[in-house]
Peer 1: 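Below you'll find the structure I mean.
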Amino acid sequence: MNYKIPRGTFDILPADSSKWQYVQQVFRKVAASFGYREITTPIFEMAELFERSSGESSDVVQKEMYRFTDQKGRSFALRPEGTAPVVRSYVENHLEMQGGRTRLYYMGPMFRYDRPQAGRYRQFYQYGVEFIGSNHPYYDAEVIALEMTFLKALGLTRPRLEINSVGCAECARDYDKALRDYYAPHLNELCPDCQKRYELKPRRLLDCKVPSCKAFRKDAPSQFDYLDASCREHFDAVCRYLDQMKINYQINPAIVRGLDYYTNTAFELICDELGAQNSIAGGGRYNALIAQVGGKDTPGIGFAGGFERLLLALEKENIQLPQNPNPALFMVLMGEEAVDFALPLIAELRQKGIYVDYNPEKGSFKAQLKAADSMNARYALIIGEHEAISRTLVLKDLSSGEQQSLSADELLSFPFEA
RNA sequence: GUGGAUGUAGUUCAAUGGCAGAGCACCGGAUUGUGGUUCCGGGCGUUGUGGGUUCGACUCCCAUCAUCCACCCCA
């Protein structure tokens, strides 16, 4: 039987693992500099957590969740997103007791049963942050600034920030009603998808790609006319903070987050070179979520980004990421005495963190040096019969070809790059 | 879930329905004390899988799986 990897999943192979480690490490550093602490939650939760928080009508819940029941018939789901589990943990562990403002970040695999495509997988890796405990617009800008700092630290310049306000629950209800009123007379002229959108999520009508549906868009009511004074003020304040932080953005009224829990600020980071799956991060405010999950009425804001798309974007900008290291030193040993002499030295060098390799299966000098070369080693350490007897070593620089003779002590203090 | 393209060696790609090939990579060798360049040698691979048409299928047809692209959705 030949086993194959499940559809929509991928292995992170050794050739790429250092890239993944690198971007994760940069994210951890940036998050820490903003005062965020890491939280790790299980990859599965009660299915109901996602059904209630994301919304029964959302695509994620309706058709993309991996559900299963355990041996006792309890209903679980592989997490399709990270915010609900973090909020669940926040409420369950009373993290709100530790001061008013809670800053959390997380990273790990998420799961959605979706048709795979470039930049879209069934198991994919996200990083994200949640700021819980304040509705102050400064924090909306702060989480955005965190993401922008992260991208900048990686050297990315092309992603674009788009921002919108979906208003509070009341504004959203008013706006949905206005949209339905506007589209109602044209309902049978809309595409079948839009007819569903009309029922489920009217604001999705605004970014339909079917030309006949697009035609109605220009006279459709605007989100901004239906924001109440405090929502409008909140949005303006967020924009002002972004201006002060010198973060560029475009206001895009069509930004609609897929999950039901979002209120007010919604934003997305878009990298145009990535094709159809061009959103590398997205987030927004969720002032009703915490109460909905059973906590006290507490506002929050956060975002999540996808590592796969981030890596694609880095590739598009030709940004070099760390490769796996090459050996600092490759041993070329001839004869038992040389091996006796060398093995303790190898052990000491490795103890110092220096990458040393040796291949006892290669018989001749030539073959051993060839092996050193194919491993891209920086130096070869040659010990033959003469050296074993005289207790000296020959260190050969494999890029220049120069050799020098050293003692064991000199080798151990040689400035190898660890 | 819908539509389209693609699937040949580790990899990138060839092969008017008529013997499945090449570059790169890989392994071995050119007198076990000096690598990279060079030279020589090394390939039967379930042509993604299963059916069908045909004297004969990598090639045509159907199904299936996978990848990619678009829709959808989103990270």
Side-chain angles (χ1 to χ4, degrees), chain A residues 1-2 4-10 13 15 54 57-65 79-83 107-128 147 159 191-194 196-197 200-201 204 207-210 213 255-259 266 268-271 274-283 303-313 330 332-335 338 359 361-388 394-403:
Chain A
M1 181 64 189
N2 270 334
K4 286 204 287 187
I5 196 168
R7 180 160 204 211
T9 66
F10 56 92
L13 300 173
S54 299
S57 70
S58 67
D59 277 33
V60 165
V61 168
Q62 275 205 327
K63 47 189 193 193
E64 295 173 5
M65 265 206 323
R79 62 183 183 195
E81 59 103 22
T83 299
M107 36 210 271
M110 305 293 163
F111 305 83
R112 289 183 203 170
Y113 187 88
D114 206 340
R115 181 111 167 217
Q117 199 174 321
R120 187 167 77 185
Y121 300 92
R122 288 181 175 177
Q123 174 171 339
F124 55 102
Y125 295 81
Q126 282 192 336
Y127 59 92
E147 170 69 357
C191 71
D193 279 340
C194 279
K196 271 181 243 152
R197 292 181 180 117
L200 286 175
K201 208 163 272 185
R204 285 248 185 263
D207 58 2
C208 183
K209 274 127 196 140
V210 176
C213 297
I255 296 261
V256 182
R257 313 265 53 241
L259 309 176
E268 218 164 292
L269 264 123
I270 294 172
C271 186
L274 297 192
Q277 308 304 320
N278 62 359
S279 168
I280 66 175
F303 74 85
F307 280 119
E308 296 82 6
R309 293 181 191 177
L310 188 67
L311 259 10
L312 283 174
F330 200 98
V332 174
L333 308 177
M334 292 303 295
N359 186 345
E361 293 174 285
K362 301 293 179 187
S364 65
F365 257 84
K366 191 190 283 271
Q368 293 198 36
L369 273 166
K370 217 170 195 168
D373 188 59
S374 71
M375 291 294 292
N376 288 312
R378 180 83 180 78
Y379 294 98
L381 187 75
I382 299 171
I383 309 179
E385 289 164 23
H386 310 320
E387 290 82 7
V394 173
L395 185 68
K396 175 164 184 157
D397 183 322
L398 287 170
S399 49
S400 68
E402 285 166 24
Q403 301 192 168

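Below, chain A is the first sequence line, B the second, and so on; all start at residue 1.
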Peer 1: Counting any heavy atom closer than 4.0 Å, what does Lys362(A) reach on the DNA or RNA strands: base, sugar-phosphate only, or nothing?
Peer 2: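 Touches sugar-phosphate only.
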
Peer 1: Check the distance between U32(B)'s P and Glu385(A)'s CD and give it to me in whole angstrom.
Peer 2: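 It works out to 14 Å between those atoms.
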
Peer 1: Using the P atom on both, measure U11(B) against U16(B) and round to a whole Å.
Peer 2: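 It comes out at 23 Å once rounded to the nearest Å.
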
Peer 1: Does Lys366(A) have a side-chain nitrogen or oxygen under 4.0 Å from the phosphate oxygens OP1 or OP2 of G36(B)?
Peer 2: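 No, because none of the side-chain N or O atoms of Lys366(A) sits under 4.0 Å from OP1 or OP2 of G36(B).
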
Peer 1: Which whole number of Å gives the distance between the C1' atom of C69(B) and that of G18(B)?
Peer 2: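 C69(B) and G18(B) have their C1' atoms separated by 36 Å.
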
Peer 1: I need the Met65(A) CE to Asp59(A) CG distance, nearest 0.5 Å.
Peer 2: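 Separation between the atoms: 12.5 Å.
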
Peer 1: Using a cut-off of 6.0 Å, state whether more than 12 heavy atoms not belonging to Glu385(A) lie near its atom CD.
Peer 2: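 No.
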
Peer 1: Determine the contact category for Ala372(A): base if any of its heavy atoms lies under 4.0 Å from a base atom, sugar-phosphate if only primed atoms, P, OP1 or OP2 are that close, otherwise nothing.
Peer 2: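 It contacts nothing in the nucleic acid.
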
Peer 1: Measuring only the C1' atom in each nucleotide, how far is U12(B) from G56(B)? A whole number of Å is fine.
Peer 2: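 That atom pair is separated by 30 Å.
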
Peer 1: Within this structure, what is the CZ-to-P distance between Phe330(A) and U34(B), rounded to whole angstrom?
Peer 2: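 So the CZ-P distance, Phe330(A) to U34(B), works out to 17 Å.
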
Peer 1: Using Watson-Crick or G-U wobble geometry with both distances under 3.5 Å, which nucleotide pairs with U67(B)?
Peer 2: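 A5(B) - that is the nucleotide pairing with U67(B), both distances being under 3.5 Å.
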
Peer 1: Regarding U2(B), can its base be found pairing with the side chain of Arg115(A) as donor and acceptor, where the two atoms are less than 3.5 Å apart?
Peer 2: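 Such a pair is found, so the answer is yes.
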
Peer 1: On the nucleotide G33(B), are OP1 or OP2 found under 4.0 Å from the side-chain N or O atoms that Lys396(A) carries?
Peer 2: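 Lys396(A) to G33(B) OP1/OP2: no side-chain N or O under 4.0 Å.
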
Peer 1: Looking at every strand, decide which applies to Ile280(A) at a 4.0 Å heavy-atom threshold: base, sugar-phosphate, or nothing.
Peer 2: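 Contact class for Ile280(A): sugar-phosphate only.
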
Peer 1: Please name the nucleotide paired to G35(B) by Watson-Crick or G-U wobble geometry with both distances under 3.5 Å, or report none.
Peer 2: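 Base partner found: none.
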
Peer 1: Distance check: side-chain N/O of Arg120(A) vs OP1/OP2 of C73(B), anything under 4.0 Å?
Peer 2: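 For C73(B), OP1/OP2 do not have a side-chain N/O of Arg120(A) under 4.0 Å.
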
Peer 1: Taking all non-hydrogen atoms of both residues into account, name the closest pair between Glu308(A) and Tyr125(A) and its distance.
Peer 2: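 Of all heavy-atom pairs spanning Glu308(A) and Tyr125(A), the closest is OE2-N, 2.7 Å.
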
Peer 1: Rounded off to whole Å, could you give me the CD-to-C1' distance for the Gln123(A) and C74(B) pair?
Peer 2: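 After rounding, the reported distance stands at 17 Å.
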
Peer 1: Answer yes or no for this row: Phe307(A) ring on A75(B) base, centroids under 5.5 Å, planes under 30°.
Peer 2: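 Not stacked: fails the 5.5 Å / 30° test.
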
Peer 1: Can you tell me the distance, in whole Å, between the NZ atom of Lys4(A) and the C1' atom of U67(B)?
Peer 2: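 After rounding, the reported distance stands at 10 Å.
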
Peer 1: Please pick, from G36(B), C74(B), U2(B), the nucleotide with the shortest atom-to-atom distance to any side-chain atom of Asp373(A).
Peer 2: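 Selected nucleotide (nearest to the side chain): G36(B).
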
Peer 1: With the side chain of Ala118(A) defined as its heavy atoms from C-beta on, choose the nearest nucleotide among C69(B), C72(B), U2(B).
Peer 2: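 Per side-chain heavy atoms of Ala118(A), the pick is C69(B).
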
Peer 1: Remember a base hit wins even if backbone is also touched, and classify Glu268(A) as base, sugar-phosphate or nothing at under 4.0 Å, heavy atoms.
Peer 2: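 Nothing, no heavy atom under 4.0 Å.
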
Peer 1: With respect to the phosphate group of A75(B), does any side-chain polar atom (N or O) of Arg257(A) fall under 4.0 Å of OP1 or OP2?
Peer 2: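 True: Arg257(A) side-chain N/O within range (under 4.0 Å) of A75(B) OP1/OP2.
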
Peer 1: Find the partner of C26(B): check Watson-Crick (N1-N3 plus N6-O4 or O6-N4) and G-U wobble (N1-O2, O6-N3) distances, both under 3.5 Å, and reply none if neither fits.
Peer 2: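 G42(B) - that is the nucleotide pairing with C26(B), both distances being under 3.5 Å.
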
Peer 1: What is the distance, rounded to the nearest whole Å, between atom CG of Leu13(A) and atom C1' of G10(B)?
Peer 2: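 One finds 13 Å between C1' of G10(B) and CG of Leu13(A), rounded.
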
Peer 1: Describe the nucleic acid contact of Ser374(A) in one word from base, sugar-phosphate, nothing, applying a heavy-atom distance below 4.0 Å.
Peer 2: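 No contact.
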
Peer 1: In whole angstrom, give me the gap between the C1' atoms of A9(B) and G23(B).
Peer 2: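 Here A9(B) and G23(B) have their C1' atoms 12 Å from each other.
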
Peer 1: With the side chain of Ala276(A) defined as its heavy atoms from C-beta on, choose the nearest nucleotide among C73(B), C72(B), A70(B).
Peer 2: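 In terms of side-chain proximity for Ala276(A), the closest of C73(B), C72(B), A70(B) is A70(B).
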
Peer 1: How many whole angstroms separate atom CD of Gln117(A) from atom P of G3(B)?
Peer 2: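 Roughly 15 Å, once rounded to whole Å.
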
Peer 1: Whole angstrom is fine here: how far is it from CZ in Arg122(A) over to C1' in U67(B)?
Peer 2: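 Distance, rounded to whole Å: 13 Å.
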
Peer 1: For C74(B), give the paired nucleotide (Watson-Crick: N1-N3 plus N6-O4 or O6-N4; G-U: N1-O2 and O6-N3; both under 3.5 Å), or none.
Peer 2: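 Answer to the pairing question: none, since C74(B) forms no Watson-Crick or G-U pair.
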
Peer 1: Rounded to the nearest 0.5 Å, how far does CG of Leu269(A) lie from CZ of Arg309(A)?
Peer 2: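 Here the interatomic distance stands at 12.5 Å.
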
Peer 1: If you measure from the P atom in G48(B) to the same atom in A20(B), how many Å do you get, rounded?
Peer 2: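 Pairwise P distance, G48(B) against A20(B), rounds to 15 Å.
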
Peer 1: I want to confirm an ordering. Mapping Phe365(A) and Glu81(A) to their closest nucleotides on RNA chain B, which one lands closer to the 5' end?
Peer 2: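 Its nucleotide being nearer the 5' end, the pick is Phe365(A).
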
Peer 1: By the 4.0 Å heavy-atom rule, please label Tyr121(A) as base, sugar-phosphate, or nothing.
Peer 2: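 Since a base atom lies under 4.0 Å of Tyr121(A), the category is base.
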
Peer 1: For G50(B), give its Watson-Crick or G-U wobble partner with both distances under 3.5 Å, or none.
Peer 2: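 Paired with G50(B), as far as the under-3.5 Å criterion goes, is C62(B).
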
Peer 1: Determine whether any donor atom in the side chain of Glu387(A) lies under 3.5 Å from an acceptor atom in the base of G33(B), or the reverse, and answer yes or no.
Peer 2: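 Per atom types, the contact qualifies.
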
Peer 1: Which comes earlier along RNA chain B counting from the 5' end, the contact point of Thr9(A) or that of Lys201(A), where each point is its nearest nucleotide?
Peer 2: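 Looking at the nearest nucleotide for each, Thr9(A) comes out on the 5' side.
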
Peer 1: How many whole angstroms separate atom NZ of Lys370(A) from atom C1' of G33(B)?
Peer 2: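 From Lys370(A) NZ to G33(B) C1': 16 Å.
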
Peer 1: Mind checking Gly384(A) for me? I need base, sugar-phosphate or nothing, with any heavy atom below 4.0 Å counting as a touch.
Peer 2: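 If one applies the 4.0 Å heavy-atom cut-off, Gly384(A) turns out to touch a base.
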
Peer 1: Base, sugar-phosphate or nothing for Ile382(A)? Non-hydrogen atoms, less than 4.0 Å.
Peer 2: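 Base, at least one base atom sits under 4.0 Å.
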
Peer 1: Arg115(A) versus Arg7(A): any side-chain heavy-atom pair under 4.5 Å?
Peer 2: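 Yes. Closest side-chain heavy atoms under 4.5 Å.
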
Peer 1: With both distances under 3.5 Å as the test, what is the Watson-Crick or G-U wobble partner of C55(B)?
Peer 2: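 Answer to the pairing question: G18(B), which forms a Watson-Crick or G-U pair with C55(B).
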
Peer 1: Contact class for Gly82(A) vs. all strands (heavy atom < 4.0 Å): base, sugar-phosphate, or nothing?
Peer 2: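 The answer is nothing, as Gly82(A) stays clear of every strand by at least 4.0 Å.
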
Peer 1: What is the distance from atom CZ of Phe10(A) to atom CZ of Phe124(A), rounded to the nearest 0.5 Å?
Peer 2: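 Output value for this atom pair is 10.0 Å.
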
Peer 1: What is the minimum heavy-atom distance between Gln368(A) and Val332(A), and which atoms define it?
Peer 2: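 Minimum heavy-atom contact is OE1-CA, 3.1 Å.
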
Peer 1: Is a donor-acceptor contact shorter than 3.5 angstrom present between the side chain of Gln403(A) and the base of U34(B)?
Peer 2: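 Yes, the side chain and the base share a sub-3.5 Å donor-acceptor pair.
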
Peer 1: So does Arg257(A) pair up with Glu268(A), basic N to acidic O under 4.0 Å?
Peer 2: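 Salt bridge between Arg257(A) and Glu268(A), a charged N being under 4.0 Å from a carboxylate O: yes.
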
Peer 1: For the residue pair Tyr127(A) and Phe303(A), categorise the inter-ring angle as parallel (less than 30°), tilted (30 to 60°) or perpendicular (more than 60°).
Peer 2: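 Perpendicular, since the angle between the ring planes exceeds 60°.
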
Peer 1: For G43(B) versus G21(B), give the span between their P atoms, rounded off to a whole number of Å.
Peer 2: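 12 Å, rounded to whole Å.
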
Peer 1: With respect to Pro159(A), which candidate in Ile280(A), Asn278(A), Ile270(A) satisfies the side chain to side chain contact (heavy atoms under 4.5 Å, CB included) definition?
Peer 2: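 Going through the options one by one, the only one that passes is Ile280(A).
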
Peer 1: Measuring only the C1' atom in each nucleotide, how far is G50(B) from U46(B)? A whole number of Å is fine.
Peer 2: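 One C1' to the other, the span is 12 Å.
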
Peer 1: By nearest atom, which of the nucleotides C73(B), U67(B), C74(B) is closest to the Pro116(A) side chain?
Peer 2: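 Output: U67(B).
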
Peer 1: Would you say Arg204(A) places a side-chain N or O within less than 4.0 Å of OP1 or OP2 belonging to C71(B)?
Peer 2: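 Checking Arg204(A) against C71(B): no side-chain N or O falls below 4.0 Å of OP1 or OP2.
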
Peer 1: Counting any heavy atom closer than 4.0 Å, what does Gly119(A) reach on the DNA or RNA strands: base, sugar-phosphate only, or nothing?
Peer 2: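 Here Gly119(A) touches the bases of the nucleic acid.
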
Peer 1: How far, in whole Å, is G7(B) from G45(B) if one measures between their C1' atoms?
Peer 2: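 The answer is 15 Å between these two C1' atoms.
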
